[in-house]
Enquirer: 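Quick one: the structure is below, questions incoming.
Letters A, B, ... are given to chains in the order of the sequence lines, protein chains preceding strands, and every chain is numbered from 1.
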Amino acid sequence: MNYWLVKSEPKKYAWEKFLHDKKTFWDGVRNYQARNNLKAMKKDDQVLFYHSNEGLCVVGIAEVIKEFYQDPTTDDKQWVVVDLAPLQSFESPVTLEQIKADSLLANVALIRQSRLSVMPLSADEFNRIIALGN
DNA sequence: GCCAACGTTGGC
DNA sequence: GCCAACGTTGGC
């Protein structure tokens, strides 16, 4: 089992819409590193959902329900999507501020590589953020 | 709305 | 293959 964090601007695709949709394909990734992370996702991997630009917090957990396939929104074969479904909303969203302030989370890519939109987390980091959110 | 960080593009 | 110019992301 691997753990991930994905970013979405609430204006483009908010957690609330995700809950309503029940599942979504994660499109729009146009960065090689993020794309490679999408390709590394396995079914049942768990994915934290982060609101960027507005909110600036991790709002819930999703799971991978379908592994990568060609991005249906483009003909360019190099881009892929995965299917995600919501698992659980956080009781209290975990803010970027909290993550920055937590010594266990000092190395997460969210902080170190702020522009990366799909990133891996260690099990420890994942569990720590879950603990902060519930 | 600004700007720093950083990925990509294109001329040489 | 280097590097300057440019575009995009995302925190503030």
Enquirer: Please report the interatomic distance CG(A:L84) to CE(A:M41), rounded to the nearest 0.5 Å.
Expert: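 Rounded to the nearest 0.5 Å, the CG-CE separation comes to 6.5 Å.
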Enquirer: Taking all non-hydrogen atoms of both residues, which atom of A:I61 and which atom of A:W15 are closest, and how far apart?
Expert: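 Smallest heavy-atom distance, with atoms named: O-CH2, 3.3 Å.
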Enquirer: If you look at every strand shown and take non-hydrogen atoms under 4.0 Å, does A:K100 touch a base, only sugar-phosphate, or nothing?
Expert: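 Counting heavy atoms under 4.0 Å across all strands, the contact made by A:K100 is with sugar-phosphate only.
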Enquirer: Which heavy-atom pair separates A:V94 from A:Q98 by the least distance, and what is that distance?
Expert: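 Nearest pair, atom of A:V94 first, then A:Q98: CA-OE1, 3.4 Å.
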Enquirer: Looking at A:D83 and A:K43, does any basic side-chain N land under 4.0 Å from a carboxylate oxygen?
Expert: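 Judged by the 4.0 Å cut-off on N to carboxylate O distance, A:D83 and A:K43 do not form a salt bridge.
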Enquirer: Between C1' on C:dG10 and CG on A:L5, what's the gap in Å once rounded to a whole number?
Expert: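 Atom-to-atom, A:L5 to C:dG10, this comes out as 14 Å.
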Enquirer: From A:K7 NZ over to A:S117 OG, what is the distance, rounded to the nearest 0.5 angstrom?
Expert: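 Going from the NZ atom of A:K7 to the OG atom of A:S117 covers 7.0 Å.
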Enquirer: How many angstroms lie between atom CZ of A:R115 and atom CG of A:N31, to the nearest 0.5 angstrom?
Expert: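 Between A:R115 CZ and A:N31 CG, I get 8.0 Å after rounding to 0.5 Å.
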Enquirer: Counting only side-chain heavy atoms from C-beta out, which of B:dT8, C:dG11, C:dG10 sits nearest to A:Y32?
Expert: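 Looking only at side-chain atoms, A:Y32 lies closest to B:dT8.
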Enquirer: Does A:K11 make a side-chain N or O approach to OP1 or OP2 of C:dT9 shorter than 4.0 Å?
Expert: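 Answer is no, no contact under 4.0 Å.
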Enquirer: Starting at CZ of A:R35 and ending at C1' of B:dG7, how long is that distance when rounded to a whole Å?
Expert: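 My rounded result for the distance is 14 Å.
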Enquirer: Could you state the atom-to-atom distance from NE2 of A:H51 to P of C:dG10 in whole Å?
Expert: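 In whole Å, C:dG10 P lies 13 Å from A:H51 NE2.
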Enquirer: Would you tell me if any nitrogen or oxygen in the side chain of A:Y50 comes within less than 4.0 Å of OP1 or OP2 on C:dT9?
Expert: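 So the side chain of A:Y50 is outside the cut-off, no N or O lying under 4.0 Å from OP1 or OP2 of C:dT9.
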Enquirer: Looking only at non-hydrogen atoms, find the nearest pair between A:L110 and A:M119 and report the distance.
Expert: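 Taking every non-hydrogen atom into account, N-SD, 3.1 Å.
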Enquirer: Where along residues 107-122 of chain A does a heavy atom fall under 4.0 Å from DNA chain B?
Expert: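 Contacts with DNA chain B under 4.0 Å: A:Q113, A:R115.
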Enquirer: Find the distance A:L96:CG to C:dT9:P and express it as a whole number of Å.
Expert: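 The answer, rounded to whole Å, is 18 Å.
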Enquirer: Can you tell me if the side-chain N/O atoms of A:K7 get under 4.0 Å from OP1 or OP2 in C:dG10?
Expert: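 Checking A:K7 against C:dG10: at least one side-chain N or O falls below 4.0 Å of OP1 or OP2.
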Enquirer: Let me check I have this right: for DNA chain B, each base becomes ., (, ), [, ] or |, based on Watson-Crick or G-U pairs with both distances under 3.5 Å. What is the full string?
Expert: ||||||||||||
Enquirer: Once you measure the plane-to-plane angle for A:F49 and A:F18, does it fall in the parallel (<30°), tilted (30-60°) or perpendicular (>60°) bin?
Expert: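 A:F49 and A:F18: parallel rings.
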Enquirer: In this structure, how many angstroms lie between the P atom of C:dT8 and the CD atom of A:E9, rounded?
Expert: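 Computing the A:E9:CD to C:dT8:P distance gives 13 Å.
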Enquirer: In whole angstrom, give the distance that lies between atom NZ of A:K12 and atom P of C:dT8.
Expert: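 In whole Å, C:dT8 P and A:K12 NZ are 10 Å from each other.
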Enquirer: Show the nearest heavy-atom pair for residues A:D21 and A:Y13, with the distance to one decimal.
Expert: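 Closest approach of A:D21 to A:Y13: OD2-OH, 2.7 Å.
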